[in-house]
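Heads up, the thing below is written out as structure tokens.
Letters A, B, ... mirror the listed sequences (proteins, then strands); counts begin at 1.
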2 protein chains.
Amino acid sequence: MATMTAAQRREQARLEYDAFIKGCPTNQLLDRLSDKWVSLVVAALAAGPMRYSDLGRKLAGVSPKMLTQTLRSLERDGILTREVTPSVPVRVDYELTPLGHSLSLLLTAVKDWAETHIEQVHEARERYDSVQDV
Amino acid sequence: MATMTAAQRREQARLEYDAFIKGCPTNQLLDRLSDKWVSLVVAALAAGPMRYSDLGRKLAGVSPKMLTQTLRSLERDGILTREVTPSVPVRVDYELTPLGHSLSLLLTAVKDWAETHIEQVHEARERYDSVQDV
DNA sequence: CGGTATCCCTCCTGATACTG
DNA sequence: CAGTATCAGGAGGGATACCG
């Protein structure tokens, strides 16, 4: 039963590579950061703890579903802590952990790179777009 | 015609915030990096120029469509150059620009953070997951 | 070799309405 | 206040087949 079609072989290569990528810390991190709201939440909390509804207001346009989903995943990853104060009405505070603050430093590095080089990127785009039909 | 429903107001806030996010260099950059293949292409090319099919082999499992799409967008952003040698058969080389090398340094910083802290993240996940039903 | 064109299908997003 | 449950809509990813 030797034979494997080319398609099957490629499929297997793809699966192996997918597994490799999933196991790669860098890609796990990039996956995380690429979540639309993650960097915004981390940036917002870098300044200090916030309540759920404060975050909801600060990140205008986020739906409760996405906010909760984002916060839960960050809590799971140890980026922030969730503290419930069982008063009436309930109060829930979110705060970055040391790990979260470390991440926010990385985000600052990303931000710095972006701000330093975005102009070059925009220039490159204009150049590229203007040459399309020559 | 003063009245705007709550839904309309939120909709507008969302649109404004979306515009803000789209204009934010950091988010533009994160958007870029979050493309599944971008970081892999940049990392591959950091070691030196490569041909199209070399990249296709190195990034096992990438479809020609996605590879081309990724390369084109990076070329447009001035991250890499595309050089066609009109021999037979055709030969196309891709190479990082100085801007691209600069970006690869940032990716190295991301990679370093990931490798340094991924263990803490995994521990946090295990802790979180194991407490789910207590 | 180095792509382009097409279709499909999945996942994610966000709107909405409801609960403790 | 701080969420959860449900549903639909659309963008993007990938497989495939074909061109210069």
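- Between Leu71(B) atom CG and dC1(C) atom C1' the separation is 14 Å, expressed in whole Å.
- Closest to the Pro89(A) side chain, of the nucleotides dG14(C), dC1(D), dG3(D), is dC1(D).
- Taking every side-chain heavy atom of Ser63(A) into account, dA15(C) is the closest of dT16(D), dG3(D), dA15(C).
- When heavy atoms are screened at a 4.0 angstrom cut-off, Asp35(B) is found touching the sugar-phosphate backbone but no base atom.
- Side-chain nitrogen and oxygen atoms of Arg82(B) include none within less than 4.0 Å of the OP1 or OP2 phosphate oxygen of dG2(C).
- Distances were taken from every side-chain heavy atom of Gln69(B) (C-beta onward) to each of dC1(C), dG13(D), dG3(D); the shortest belongs to dG13(D).
- Contact annotation: Trp37(A) side-chain N/O to dG14(C) OP1/OP2 distance is under 4.0 Å.
- The side chain of Lys36(A) contributes an N or O atom lying less than 4.0 Å from OP1 or OP2 of dG14(C).
- Atom P of nucleotide dG3(C) and atom CZ of Arg91(B) are separated by 13 Å, given to the nearest angstrom.
- Separating the CG atom of Leu67(A) from the C1' atom of dA15(C) is a distance of 15 Å, rounded to the nearest angstrom.
- When rounded to the nearest whole Å, the span between CG of Leu59(B) and C1' of dG14(D) equals 15 Å.
- When distances are taken from the side chain of Ser53(A) to each of dC1(D), dG13(D), dC1(C), the shortest belongs to dC1(D).
- Side-chain contact between Leu30(B) and Val38(A): absent, with no pair of heavy atoms (C-beta onward) separated by less than 4.5 Å.
- Looking at Asp93(B) and Arg82(B), no side-chain N of the basic residue comes within less than 4.0 Å of a carboxylate O on the acidic one, giving no salt bridge.
- Taking OG of Ser34(B) as the start and CG of Asp31(A) as the end, the distance is 8.5 Å to the nearest 0.5 Å.
- A close approach under 4.0 Å does occur between a side-chain nitrogen or oxygen of Arg51(A) and OP1 or OP2 of dA2(D).
- Listed nucleotides: dG2(C), dT6(D), dT6(C). Nearest to the side chain of Lys65(A): dT6(D).
- Atom pair Arg72(A):CZ and dC12(C):P shows a separation of 19 Å (rounding to whole Å applied).
- For the pair Tyr52(A) OH and dT19(C) P, the computed distance is 17 Å after rounding to whole Å.
- Residues Gln28(A) and Lys22(A) share a closest heavy-atom pair of NE2-O, 2.8 Å.
- Summarising the geometry, the separation between CG on Asp31(A) and P on dG12(D) is reported as 16 Å, rounded to the nearest angstrom.
- Regarding Met66(B), its CE atom lies at a distance of 15 Å from the C1' atom of dC7(C), rounded to whole Å.
- Of the candidate nucleotides dG3(C), dG13(D), dG20(C), dG20(C) has the atom nearest to the side chain of Val90(A).
- Look at Tyr94(B) and you'll find a side-chain N or O under 4.0 angstrom from OP1 or OP2 of dG3(C).
- Inspection of the Trp113(A) and Thr26(B) side chains reveals no N or O donor paired with an N or O acceptor under 3.5 Å.
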